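A quick note: this is a predicted structure, and the numbers were derived from the prediction, not measured. First listed ligand is number 1; within each ligand, the first listed atom is number 1.
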Amino acid sequence: MGHAVLSAQTIEQCIIPQHWERYSQEDHEIWSTLFQRQLSALKGYVAQEYLDGLATLGIDEKGIPNFERMNERLRKATGWEVVAVPGLIASRPFFEMLASRRFPAGTFIRSRAQLDYLEEPDIFHDVFGHVPLLTNPAYADYMNEYGRLGLEAIDNKGVKFLARLNWYTIEFGLIRKPEGIRIYGAGIVSSFGEAKYAVGDPSAHHLGFDFERVMRTGYYIDDFQATYFVIDRFEQLFDLLKGVDGPALFGTLREKSTLSPFEILPQDEVLRQGSAEYWREFPKTKEKLK
Ligand code: HBI
Ligand code: FE
């Protein structure tokens, strides 16, 4: 199991070797099971840019990717590389990595008993979920800018707002395409249940992406989303962050109240009003709202 290294403060202290040669046959077979099952759950729901990323990087059902080999292709695409870390790392080295085009990925893989859900991101969530879109130049630029703003957030009590931006884009974002709404967030891409729920189930709201609304809207870490925010283009995310004055932004946001992911507000661009039937079965209480 991975171990959070929340104490380590520098990038060098967080990075470990992947030791790809140490993975067992069973580890590679768990990857293969997850990969094949997830790809069929995503069919028709996931953005084409994600599938292009899988192909560009040669990520497939054969087994756990070797970071060294994968990085040769990723560096050529957008200058990014994946570095191995033991698990969740402190915010400062995390944001410093993104600001220098390095994505931290866990090296452990979940057990067969955890196929559907595990608390801490494993290599399948990080590499299958997050890495393919780093081949898309616009999305890669956003992730880099997100890292820069994150460093400002640490020094200006803004990490809570960046965590929400992370949640509603990088983890659970949707994108509007001519053929319909499609998935790009890594948390949905790597989740068997949520890949079917986010677009296919009528329960959740689909709202047009709004920068302030997203950073003021709470979320629950242990369940599907009541609301998904929908962008039109990946460039839109980078354009939002480029040149943002962090201290001013976080100062303004701190004065405003937290918004609920269940309600639809007058200023919301409603692309789909959710039926909320899923939420009648699993009502949420306020205190766990992030
Ligand atoms: N560490 N390995 C890892 N992966 C993450 O996604 C991550 C992290 N540490 C901090 C963190 N995310 C959050 O603080 C930010 O997403 C806001
Ligand atoms: Fe993640």
Side-chain angles (χ1 to χ4, degrees), residues 1-18 34 38 50 53 67 80-110 114 117-134 139-140 142-173 183-192 194-195 198 214-222 224-225 228 237 241 244 246 249-250 253 290:
M1 191 57 181
H3 299 287
V5 279
L6 298 172
S7 54
Q9 281 307 311
T10 69
I11 290 183
E12 290 62 35
Q13 288 168 333
C14 297
I15 294 177
I16 58 171
Q18 183 191 12
L34 285 165
Q38 212 42 39
Y50 170 81
F67 289 180
W80 274 79
E81 62 181 35
V82 176
V83 292
V85 294
L88 287 177
I89 60 178
S91 290
R92 187 173 296 282
F94 175 71
F95 289 126
E96 281 174 354
M97 284 184 189
L98 300 187
S100 51
R101 292 187 179 251
R102 280 174 282 186
F103 186 83
T107 56
F108 74 97
I109 191 157
R110 68 192 74 180
Q114 299 169 298
Y117 183 77
L118 74 165
E119 299 74 49
E120 203 173 284
D122 71 335
I123 191 165
F124 185 75
H125 168 82
D126 282 333
V127 174
F128 181 87
H130 283 284
V131 173
L133 271 178
L134 288 173
Y139 184 80
Y142 167 60
M143 285 294 284
N144 189 223
E145 203 60 24
Y146 177 84
R148 178 192 67 75
L149 193 57
L151 291 172
E152 288 189 31
I154 291 175
D155 302 328
N156 295 277
K157 297 196 203 70
V159 174
K160 177 172 72 171
F161 306 114
L162 270 254
R164 290 172 179 162
L165 181 63
N166 170 68
W167 193 262
Y168 286 115
T169 58
I170 299 163
E171 294 296 352
F172 295 98
I183 295 164
Y184 73 88
I188 316 175
V189 161
S190 60
S191 155
F192 187 66
E194 198 147 5
V214 162
M215 288 193 286
R216 290 180 57 195
T217 302
Y219 59 89
Y220 294 94
I221 60 164
D222 56 356
F224 295 163
Q225 311 319 309
Y228 294 93
L237 291 172
L241 295 194
V244 156
L249 172 69
F250 303 132
L253 288 169
K290 286 261 194 191

When you measure from the side chain of E171 to the backbone N and O of G187, does any donor-acceptor pair fall under 3.5 Å? yes

Within ligand 1, which atoms have a heavy atom of G87 less than 4.0 Å away? 2 (N)

Shortest protein heavy-atom distance from atom 3 (C) of ligand 1, along with the residue and atom involved: L88 CD2, 3.7 Å

Among all the protein's non-hydrogen atoms, which is closest to atom 16 (O) of ligand 1, and how far away is it? N166 ND2, 3.4 Å

What's the verdict on side chain to side chain donor-acceptor pair (under 3.5 Å) for Y142 and T169, showing C-alpha distance, side-chain angles and the deciding distance? CA-CA 10 Å; Y142 167 60; T169 58; 2.9 Å; yes

Could you identify the N, O or S atom of E171 positioned closest to the Fe ion (ligand 2)? OE2

Atom 5 (C) of ligand 1: closest protein heavy atom, distance to 0.1 Å, is F94 CE1, 3.3 Å

Ignoring hydrogens and geometry, is there a side-chain-to-backbone donor-acceptor pair from Q114 to R110 under 3.5 Å? no

What I want to find out is whether K290 reaches D222 closely enough, with some N-O distance under 4.0 Å, to be called a salt bridge. no

Exam field: side chain D122 to backbone T107, donor-acceptor pair closer than 3.5 Å: no

Decide yes or no for Y228 and E194: does some side-chain heavy atom of the first lie under 4.5 Å from some side-chain heavy atom of the second? yes

Atom 17 (C) of ligand 1: which of F161, W167, Y146 has the nearest heavy atom? Y146

Ignoring hydrogens and geometry, is there a side-chain-to-backbone donor-acceptor pair from R164 to M215 under 3.5 Å? yes

F95 heavy atoms, cut-off 4.0 Å: which ligand 1 atoms fall inside? 17 (C)

protein heavy-atom neighbour closest to atom 10 (C) of ligand 1 works out as I89 O, 3.5 Å

Protein contact of atom 14 (O) of ligand 1 - nearest heavy atom, named by residue and atom, plus distance: S91 OG, 3.3 Å

For the atoms NE2 of H130 and NE2 of H125, give the angle they form at the Fe ion (ligand 2), rounded to 10 degrees. 90°

